[in-house]
Amino acid sequence: MHKIKLSVLGLTYQWEKPVSRKSVITLEGGVAGGMSFSAGSVSGTEFRYAIVPELGIGFRNYYNLDKRFKKGKKIDNNAANFIATDVFINGNPILSSGNITAREAVGLTAAWGMQRSLSSRINFEWQAGVIGGTDFKDWVIAPNLRIAFSFLAGKRGSH
C-alpha cells in the first residue's frame, strides 16, 4: 500500500509491504518535525521546533483485524489497532527555531496506535509511544505522539 501522509509536523511517503496476514514492513521518507516547550525558573519559557529530512524502516502488527471483521467493522486499508517499531535517520534541520541544537540523528520508536479508513482513499492514524535517539554526542528518550491523515496513492485493501 502506498501512502502520502500529512501529519501535524510532517509530510512523508510511506510504503507498506505485507509480511503476513496481519503484519507489514514499512518504508517511509520525507520531512518530519519535532517541538518542545519548557518553562523553568532558570531558563524562562521556551518553545523550540525543527523540521528535518527523515528516512525510516519499521514493522507494524495490526493485531485486531480479525476481531474488527467479526464485529462487522471496516478493515479496509488496514483499519485496525497496531503495535509498531521504527528505526529512523534524520538529517540536519531544514527549518528550526534559533535556539535548537538539532543535528543528524538515528533513533528507534516503539508505539501503539490505531488506523481507520475514512474513505476508500483516506486514512486517519494516531500513535503514541516512546522514542529514543542519538546524534552520537547525546542520547534522548522522550514521549512520541503522531496524528496523521494518509492519502492512499496505490493499491488499496487489507492485505
Side-chain angles (χ1 to χ4, degrees), residues 1-37 48-68 74-97 100-118 121-159:
M1 184 166 24
H2 301 268
K3 301 177 190 177
I4 298 169
K5 189 180 287 189
L6 177 63
S7 65
V8 174
L9 293 171
L11 179 64
T12 60
Y13 168 81
Q14 184 183 63
W15 177 66
E16 285 189 357
K17 174 68 176 167
V19 293
S20 75
R21 196 169 61 76
K22 296 181 184 179
S23 300
V24 298
I25 296 290
T26 61
L27 295 174
E28 191 165 1
V31 292
M35 63 180 173
S36 69
F37 176 80
R48 300 182 297 179
Y49 66 89
I51 305 292
V52 298
E54 181 175 83
L55 290 174
I57 184 169
F59 174 82
R60 279 190 180 183
N61 178 265
Y62 294 99
Y63 63 87
N64 73 332
L65 279 171
D66 292 338
K67 183 178 175 182
R68 288 180 57 79
K74 283 183 169 183
I75 60 168
D76 296 344
N77 307 324
N78 292 330
N81 297 358
F82 60 85
I83 54 172
T85 186
D86 300 291
V87 176
F88 63 87
I89 183 167
N90 289 343
N92 286 319
I94 298 167
L95 181 65
S96 67
S97 57
I100 199 163
T101 57
R103 300 182 281 274
E104 294 172 338
V106 296
L108 175 69
T109 303
W112 174 82
M114 60 190 289
Q115 179 170 264
R116 296 296 184 261
S117 181
L118 300 180
R121 291 268 183 204
I122 298 174
N123 278 358
F124 170 76
E125 168 188 322
W126 74 266
Q127 71 179 43
V130 176
I131 188 169
T134 183
D135 62 4
F136 303 103
K137 292 181 183 177
D138 296 313
W139 284 88
V140 65
I141 296 177
N144 178 258
L145 178 65
R146 176 188 270 187
I147 299 169
F149 289 91
S150 299
F151 174 75
L152 283 66
K155 185 179 177 184
R156 301 181 318 267
S158 48
H159 300 305

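For clarity, every value in this text was computed on a predicted model and none was experimentally measured.
- Inspection of the Asn61 and Ser23 side chains reveals an N or O donor paired with an N or O acceptor under 3.5 Å.
- Taking each heavy atom of Gln115 and Phe82 in turn, the nearest pair found is N-CE2, 4.0 Å.
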Where do Trp126 and Met114 land on the side-chain contact (heavy atoms from CB on, under 4.5 Å) test, with the steps shown first? CA-CA 6 Å; Trp126 74 266; Met114 60 190 289; 2.9 Å; yes

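- In this structure, Phe136 and Val106 have side chains that are in contact, with non-hydrogen atoms separated by less than 4.5 Å.
- Of the residues Arg21, Arg68, Glu16, the one that meets the side-chain hydrogen bond (donor to acceptor under 3.5 Å, both in side chains) test with Tyr62 is Glu16.
- Side chain of Arg121 to main chain of Leu152: a donor-acceptor pair is present (N/O by atom type, distance under 3.5 Å, no hydrogens or angles).
- Between the OG atom of Ser150 and the NE2 atom of His2 there is a distance of 13.5 Å, given to the nearest 0.5 Å.
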Yes or no on salt bridge (charged side-chain N to carboxylate O under 4.0 Å, His left out) for Glu125 and Lys5, after CA distance, side-chain angles and deciding distance? CA-CA 10 Å; Glu125 168 188 322; Lys5 189 180 287 189; 3.2 Å; yes

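- With a 6.0 Å radius and a threshold of 12 heavy atoms from other residues, nucleotides or ligands, Ile141 has its CD1 atom at or below the threshold.
- Note that the CD atom of Gln14 and the NZ atom of Lys3 stand 4.5 Å from one another [nearest 0.5 Å].
- Atom CH2 of Trp139 is surrounded by 12 or fewer heavy atoms from other residues, nucleotides or ligands within 6.0 Å.
- A pairwise comparison of heavy atoms in Ile4 and Ala153 identifies CD1-CB, 4.4 Å as the closest pair.
- Of the possible donor and acceptor atoms, none in the side chain of Ser96 sits under 3.5 Å from a partner among the backbone N and O of Tyr49.
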Asp86 and Thr26: side-chain contact (heavy atoms from CB on, under 4.5 Å), yes or no, with the steps? CA-CA 8 Å; Asp86 300 291; Thr26 61; 3.8 Å; yes

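- At least one cation-pi condition fails for Arg116 and Phe124: the charged atom is not both under 6.0 angstrom from the six-membered ring centre and inside a 45 degree cone around its axis.
- Counting heavy atoms from C-beta on, the side chains of Phe88 and Leu108 never come closer than 4.5 Å.
- Residues Val31 and Ile51 share a closest heavy-atom pair of CB-CG2, 4.2 Å.
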Steps toward side-chain contact (heavy atoms from CB on, under 4.5 Å) verdict (Ile83, Tyr63): CA-CA 8 Å; Ile83 54 172; Tyr63 63 87; 4.3 Å; yes

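- Between Lys74 and Ser117, the shortest heavy-atom contact is NZ-O, 4.2 Å.
- Taken to the nearest 0.5 Å, the CG atom of Asn64 stands 8.5 Å off from the NZ atom of Lys22.
- Put simply, CD1 on Ile131 and OG1 on Thr109 are 4.0 Å apart, with the number rounded to the nearest 0.5 Å.
- In this structure, the side chains of Ile57 and Ile25 come closer than 4.5 Å at one or more pairs of heavy atoms.
- The shortest heavy-atom contact between Ala128 and Leu145 is CB-CD1, 4.3 Å.
- Formation of a donor-acceptor pair under 3.5 Å by the Asn77 side chain with backbone atoms of Ala79 is not found in this model.
- A distance-only check finds no donor-acceptor pair linking the side chain of Asn90 to the backbone of Glu104 [under 3.5 Å].
- Here Asn123 contributes atom CG and Phe149 contributes atom CZ; the two are 10.5 Å apart, rounded to the nearest 0.5 Å.
- Closest non-hydrogen pair, Leu55 versus Gly29, comes out as CD2-CA, 3.9 Å.
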